[in-house]
Amino acid sequence: MATQLFEGREHAAVYQKYRFAPGEELQQTILTYLREKGANPAELVVDVGCGSGQGTRFLAEHFKKVVGTDVSKAQIQEARDVPSPPNISYLVCPAEELPFEDASVDLLASFTAAHWFDIEKFMREANRVVKPGGCMVISTYTMDMSLRYGNCSERLTEIFREAWDVLLKYTHSRVKHVLEDYKEIFEAVPFPDKKRITNIFDKIPMTVAGVIGYLESVSPYQAFMKSDPDAAKSFLPETEKRMLETMGVSSRETPVEFWVRHVCVVACK
């Protein structure tokens, strides 16, 4: 059974504001693979579990028609509220029940979402809708993240990881797929021509406020809020205060380098 943790309108708004688009290295990894497989130009690309459309908008820069799908009405509304090119459309539907004809999709993609799906049902549906010769791209960023700023990068990263350690106590069991670098998801892909790339590193432009907003957007923080609202409400300001003091600055809009490791599963039918 799929897991739905990003349903609320307030959470969807935070997700839209603070979740980042696929980084440059991840983008190039995906586009290089698709060129190798002759997937350009693809007629129909589907971004499954699109959330508020960060990955969908990246795909729309390169392909003729892109449809973003998500089970959350609130997430889809956030996606629709963002100015988008005319080749994007959005649909509310489960990842396991895609409203597309058999063998009609040239590229099926999913960014930091597949671990929430019912993997067996999703892969069966992927096998149904992807054309022979079509491709699948499933990626996630991992918890292998670091912050860089001046000569305090190591301490900043420690603070960030200490914050994650608190949140990990509230992590859903599905996040095990991320912690295992999508190994089980890779093994479930029904196409024999497949590979898993685990060493994609991206520098994401960010501010201190953006880092704190990212922590607010993740599902463990939302679970923390439900379990212990008072502690959760003080957790983010305290983390921000520690970061600013370490950096020796007062503005939460101070830029930092946010480094993240991606895992990407690519396959061709």
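We're numbering straight along the sequence, starting at 1. The model shown is predicted, which means the values in this text are computed figures rather than measured ones.
- Using a 4.0 Å cut-off between charged nitrogen and carboxylate oxygen, Glu162 and Arg155 count as a salt-bridge pair.
- Put simply, the side chain of Ile30 does not reach to within 4.5 Å of the side chain of Pro22, judged on heavy atoms.
- Taking both residues in full, the closest heavy atoms of Met225 and Ala232 are given as SD-CB, 3.5 Å, listed atom of the first, atom of the second, then distance.
- Using a distance-only test at 3.5 Å, with no hydrogens or angles considered, a donor-acceptor pair links the side chain of Arg174 to the main chain of Trp116.
- Put simply, the side chain of Lys194 gets close to the backbone of Glu187: a donor and an acceptor are under 3.5 Å apart.
- Heavy-atom neighbours of Lys183 NZ from other residues, nucleotides or ligands within 6.0 Å: at or below the threshold of 12.
- Under the side chain to side chain contact (heavy atoms under 4.5 Å, CB included) rule, Thr56 has a single partner from Val82, Ile88, Asp70, which is Ile88.
- Leu98 and Cys93 get closest at one heavy-atom pair: CD2-SG, 4.2 Å.
- Side-chain atoms of Arg128 come within 3.5 Å of backbone N or O of Phe100 as a donor-acceptor pair.
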Yes or no on salt bridge (charged side-chain N to carboxylate O under 4.0 Å, His left out) for Lys241 and Glu238, after CA distance, side-chain angles and deciding distance? CA-CA 5 Å; Lys241 183 171 181 283; Glu238 287 169 2; over 6 Å; no
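- Here the closest non-hydrogen pair linking Cys268 and Tyr33 is N-OH, 3.3 Å.
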Derivation of the side chain to side chain contact (heavy atoms under 4.5 Å, CB included) call for Asp81 and Ser52: CA-CA 9 Å; Asp81 287 346; Ser52 43; over 6 Å; no
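- The backbone N or O of Asp118 lies less than 3.5 Å from a partner atom in the side chain of Glu96, making a donor-acceptor pair.
- How far CD of Gln27 is from CD of Glu61: 6.5 Å, rounded to the nearest 0.5 Å.
- Atom-to-atom distance recorded for Tyr221:OH and Leu215:CG is 9.5 Å, nearest 0.5 angstrom.
- Within a 6.0 Å sphere centred on CD of Glu101, heavy atoms belonging to other residues, nucleotides or ligands number 12 at most.
- Side chain of Gln222 to main chain of Glu216: a donor-acceptor pair is present (N/O by atom type, distance under 3.5 Å, no hydrogens or angles).
- What you find for Leu167 and Pro220 is that their closest heavy atoms are O-CB, 3.3 Å.
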Take Arg35 and Thr32 through the test side chain to side chain contact (heavy atoms under 4.5 Å, CB included) and record every step on the way to the result. CA-CA 5 Å; Arg35 280 194 294 269; Thr32 298; 3.4 Å; yes
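- Not one N or O on the side chain of Arg57 forms a donor-acceptor pair closer than 3.5 Å with the backbone of Ser84.
- A single hydrophobic cluster is seen to contain both Met145 and Val178, as judged by linkage of ILVMFWY side chains at heavy-atom distances under 4.5 Å, directly or through other members.
- The main-chain N or O of Val48 is found under 3.5 Å from a side-chain atom of Ser110 such that the two form a donor-acceptor pair.
- Taking all atoms of both residues into account, the shortest heavy-atom contact from Leu244 to Ser251 is CD2-O, 3.4 Å.
- Residues Phe122 and Ile138 form a side-chain contact, since some pair of their non-hydrogen atoms from C-beta on lies under 4.5 Å apart.
- Using a 4.5 Å cut-off on side-chain heavy atoms (C-beta onward), Asn127 and Met123 make no contact.
- Cluster membership check: Phe258 does not share its hydrophobic cluster with Phe201, using side-chain heavy-atom separations under 4.5 Å among Ile, Leu, Val, Met, Phe, Trp and Tyr.
- By the 6.0 Å contact criterion, NZ on Lys65 is open, its count of non-hydrogen atoms from other residues, nucleotides or ligands being 12 or less.
- Listed for the Arg196 side chain is no donor-acceptor partner under 3.5 Å among the backbone atoms of Ile185.
- Ring planes of Phe235 and Phe224: perpendicular class, angle over 60° (limits at 30 and 60°).
- Annotation for Val105 and Leu107: closest pair CG1-O, 3.2 Å, computed over non-hydrogen atoms.
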Show your working on salt bridge (charged side-chain N to carboxylate O under 4.0 Å, His left out) between Lys269 and Asp106 and close with a plain yes or no. CA-CA 10 Å; Lys269 186 174 180 180; Asp106 296 284; over 6 Å; no
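- Hydrophobic clustering of Ile, Leu, Val, Met, Phe, Trp and Tyr side chains at less than 4.5 Å, counting indirect connections, unites Leu179 with Phe117.
- How far OG1 of Thr140 is from OH of Tyr182: 4.0 Å, rounded to the nearest 0.5 Å.
- Looking at heavy atoms from C-beta onward, Ser139 lies out of side-chain contact with Ile197 at the 4.5 angstrom threshold.
- Contact check for Asp193 versus Lys37: side-chain heavy atoms found under the 4.5 Å cut-off.
- The CD atom of Glu257 lies 11.5 Å from the CE atom of Met206; values are rounded to the nearest 0.5 Å.
- A continuous path of Ile, Leu, Val, Met, Phe, Trp and Tyr side chains, each step under 4.5 Å between heavy atoms, connects Val256 with Val249, placing both in one hydrophobic cluster.
- Heavy-atom neighbours of Glu97 CD from other residues, nucleotides or ligands within 6.0 Å: at or below the threshold of 12.
- Counting only heavy atoms from C-beta outward, the side chains of Ile204 and Tyr214 never approach each other to under 4.5 Å.
- The closest donor-acceptor contact from the side chain of Lys64 to the backbone of Asn87 lies at 3.5 Å or more, if one exists at all.
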Show the numbers, then the answer: is there a side chain to side chain contact (heavy atoms under 4.5 Å, CB included) between Glu184 and Ile119? CA-CA 9 Å; Glu184 192 174 326; Ile119 303 300; 5.8 Å; no
Where do Val175 and Met143 land on the side chain to side chain contact (heavy atoms under 4.5 Å, CB included) test, with the steps shown first? CA-CA 10 Å; Val175 176; Met143 293 180 190; 3.3 Å; yes
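- A salt bridge is absent between Lys121 and Glu125: the closest approach of a Lys/Arg side-chain nitrogen to an acidic carboxylate oxygen does not fall below 4.0 angstrom.
- No side-chain heavy atom of Phe191 sits under 4.5 Å from any side-chain heavy atom of Cys135.
- For the atom pair OG1 (Thr29) and CD (Glu24), the distance works out to 10.0 Å, reported to the nearest 0.5 Å.
- A donor-acceptor pair under 3.5 Å is absent between the side-chain atoms of Lys73 and the main chain of Val92, judged by distance alone.
- Salt-bridge annotation for Glu245 and Arg242: absent, with no side-chain N of the basic residue lying under 4.0 Å from a carboxylate O of the acidic one.
- The NE2 atom of His262 lies 4.0 Å from the CG atom of Asp202; values are rounded to the nearest 0.5 Å.
- Surrounding CD of Gln28 are more than 12 heavy atoms belonging to other residues, nucleotides or ligands, all under 6.0 Å away.
- Considering only heavy atoms from C-beta on, Glu154 stays 4.5 Å or farther from Ser146 through its side chain.
- Both Leu168 and Leu147 are part of a single hydrophobic cluster, where members link through side-chain heavy atoms under 4.5 Å apart.
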